[in-house]
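By convention here, the first residue in the shown sequence is residue 1.
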Amino acid sequence: MKDQIETIETKTRKKIRTTGADAVMRSLIHEGVEIIFGYPGGAIMPVYDALMDHSDKIKHILTRHEQGAIHAAQGYARVTGKVGVVMATSGPGATNLITGIADAMVDSTPIVCITGQVTAPLLGTDAFQETDVIGISMPVTKWNYLITKPEEIPEIFAQAFFIARSGRPGPVLIDIAKNAQFGEFDFEYRKCVKIRSYVPKPVVKPEKVRQAAELINKAKKPYILFGQGVILGNAEDEFRAFVEKSGIPAAWTILGACALPKKHPLNMGMLGMHGNYATNIKTNECDLLIAVGMRFDDRVTGDLKRYAPQAKVIHLEIDRAEINKNVKADVAVLGDVKESLPMLTKLIEKRDHSAWIKEFKEAEKIEYEKVIKNDLYPRKEGLTMGEVIRILNEKTHGDVIVVTDVGQHQMITSRYFEFRNKRSFVTSGGLGTMGFGLPAAHGAKIGAPDKEVVLIVGDGGLQMTIQELGTINQTQAAIKIILMNNKDLGMVRQWQEMFFEKRYSETYLLNPDFIKVAEGFGIKGKKVLHRPELDTAIQEMLDYKGPYFLEVNIEKEDNVLPMVPAGASVSEVVLEHKK
């Protein structure tokens, strides 16, 4: 392996005689790690013991469940752009990380997971708390490795961090046998900068950029679709320059939400199943699609056979595997968008697409009258999710980090919150993991302590990781939690209403008294039942200096529209549902 990896020298080359467990901590320090989220146990105990000797440089957050640890690390990574670090023990400790690892893999979140393992001689014997975590995690990690000798630790850790953060980011898992944690060796650390046969960032080909520019300059109805690749590439400024010079209307995937300010005049809104009416139908009316850092997920495309058949396609993407995977590209510009976008911007002409943009605005008026007005300014007695987000916008002016769980509230928040800052939205996109929100919000607050962090969560998802209220209480992270409680698994109930003849099978939730639960964890709480209380309650929550739990009772049949039904074309948008 050593002949495959190029390294750079650290400032000190002095070798230190130490244990494998101590080497883990020293390796993390060399990689600039300041925070670890984790949960100790027998097979990782030597590393936790070594942590005490380095507590001046690395802080550990003790979560209440390993799933809480991995989701917190994801929230931390998403708002900081750094690698999130998680530690857990073997067996159930390691397997409890798998959902979060899978989530990080689909959403391209840089994570390094460190798990303990039984001693090397016991591998394969079904020893106490032994699980083949390498085999289990292989499909959902960018790379993983089992360390059985202490001498392997510095090299493997250097490689792990390089792989996790480079190219298209993702989760890496290092499993460390207990004997390797106890064993002694001469430690020195060299950061990894290159691995043979691993090309994280393809070289941008000028010819492809030129071809893309020619298509853009000829197009009469071009349309930009942008995703999280813009954010992961730290290319928000370059993307904005491209959009503004081109004058082309742009729409975003759910993970690309804050790559361009929501109120930017060329930002047309959200794509996908619960995206905006105009952004969806115009996909099948444009003559050129310019996809930037997005992967044509099925929630965005609907029926692929009927997805933009009339349009030429340009795809700017760092991951070669995404090219032509779902939608065939006429021109594929491989490479980091931070490099390719300025090259493209230089070659395109400044154009006036006002007539094309006017078509979007006309479609927006239809959606406003049929959907948006009723969501944000309801006439019915019950509270709606949309009006909660509207008031939150009015109070914060979009200047907060918003985290969501998964479900109806996630879609409503994505649609209506007015994101204006970089890395200000954290949600589970590709995997749609219920239970993600609460621990991810905690991690986001740890990563951005000077920012207000607001969690929007449903009663179903909250109860999957509700024990993390204990972690929040222990750290006193000042997270503002808004629970939208409709006493149902809302999104499932909506599908049952619309597509299963109102056969409401197993979606009703008999919930606890959430305010008492929050207060039991030492967190101040308040419950809102009626509209006149809502404005004041949200302001009180934002003014409070510590963590705060605000429960808002939402009307049960507050559905999320528009909707592109599963398997339908993006042109077949449902704006109204007859009860």
Within the supplied structure, the quantity of interest is the number of heavy atoms (other residues, nucleotides, ligands) at a distance under 6.0 Å from [X] [atom1]; does it exceed 12?
X    : atom1 : answer
D126 : CG    : no
R299 : CZ    : no
K325 : NZ    : yes
F417 : CZ    : yes
F499 : CZ    : yes
Y504 : OH    : yes

Using a 4.5 Å cut-off on heavy atoms from C-beta on, say whether the side chain of [Y] contacts that of [X].
X    : Y    : result
T433 : H71  : yes
M294 : V300 : yes
L383 : E555 : no
D558 : N486 : no
C113 : I70  : yes
S27  : F187 : yes
Y548 : I523 : no
T404 : F425 : yes

Can you measure from [atom1] ([X]) to [atom2] ([Y]) and round to the nearest 0.5 angstrom?
X    : Y    : atom1 : atom2 : result
W252 : C258 : CH2   : SG    : 9.5 Å
L173 : S137 : CG    : OG    : 4.5 Å
E418 : R390 : CD    : CZ    : 11.0 Å
L455 : L438 : CG    : CG    : 6.0 Å
T18  : M25  : OG1   : CE    : 11.5 Å

Hits for salt bridge (charged side-chain N to carboxylate O under 4.0 Å, His left out) against K445, two or more places apart or cross-chain, chain-then-number order -> none
By salt bridge (charged side-chain N to carboxylate O under 4.0 Å, His left out), K487 pairs with (sequence neighbours left out) none
Are any side-chain N or O atoms of [X] and backbone N or O atoms of [Y], one a donor and one an acceptor, separated by less than 3.5 Å?
X    : Y    : value
R64  : G470 : yes
Q463 : D459 : yes
D405 : M434 : no
K142 : I163 : yes
Q410 : V457 : no
R503 : Q496 : no
E152 : T148 : yes
E130 : A127 : yes
E551 : L529 : no
T80  : K82  : yes

With sequence neighbours excluded, residues passing ring-ring contact (aromatic ring centres under 6.0 Å, His included) with F162: Y198
Run the salt-bridge test on [X] and [Y] with the 4.0 Å N-O cut-off and return the result as yes or no.
X    : Y    : result
R295 : D319 : no
K480 : E452 : yes
R168 : E322 : yes
K526 : E540 : yes
E497 : K556 : no

Step by step, work out the salt bridge (Lys or Arg N to Asp or Glu O under 4.0 Å) result for K395 and D535. CA-CA 9 Å; K395 302 292 185 185; D535 187 289; 2.6 Å; yes
Quiz question: by atom type and distance under 3.5 Å, do the side chains of [X] and [Y] form a donor-acceptor pair?
X    : Y    : value
Q74  : D103 : yes
Y189 : E31  : yes
H530 : N553 : no
D175 : N144 : no

Set out, in order, the CA-CA distance, both residues' side-chain angles and the distance that settles ring pair (Phe, Tyr, Trp, His ring centres under 6.0 Å) for H60 and Y48, then state yes or no. CA-CA 10 Å; H60 181 275; Y48 269 90; 5.0 Å; yes
Under the criterion side-chain contact (heavy atoms from CB on, under 4.5 Å), I'd like the reasoning laid out for Q408 against Q494: C-alpha separation, chi angles, the key distance, then a yes or no. CA-CA 9 Å; Q408 290 178 309; Q494 176 172 334; 2.9 Å; yes
Should T471 and E468 be marked as a side-chain hydrogen bond (donor to acceptor under 3.5 Å, both in side chains) after you check the CA-CA gap, both sets of side-chain angles, and the distance that decides it? CA-CA 5 Å; T471 315; E468 295 308 316; 2.7 Å; yes
Considering non-hydrogen atoms only, spot the tightest contact between T253 and Q228 and give its length. OG1-N, 4.2 Å
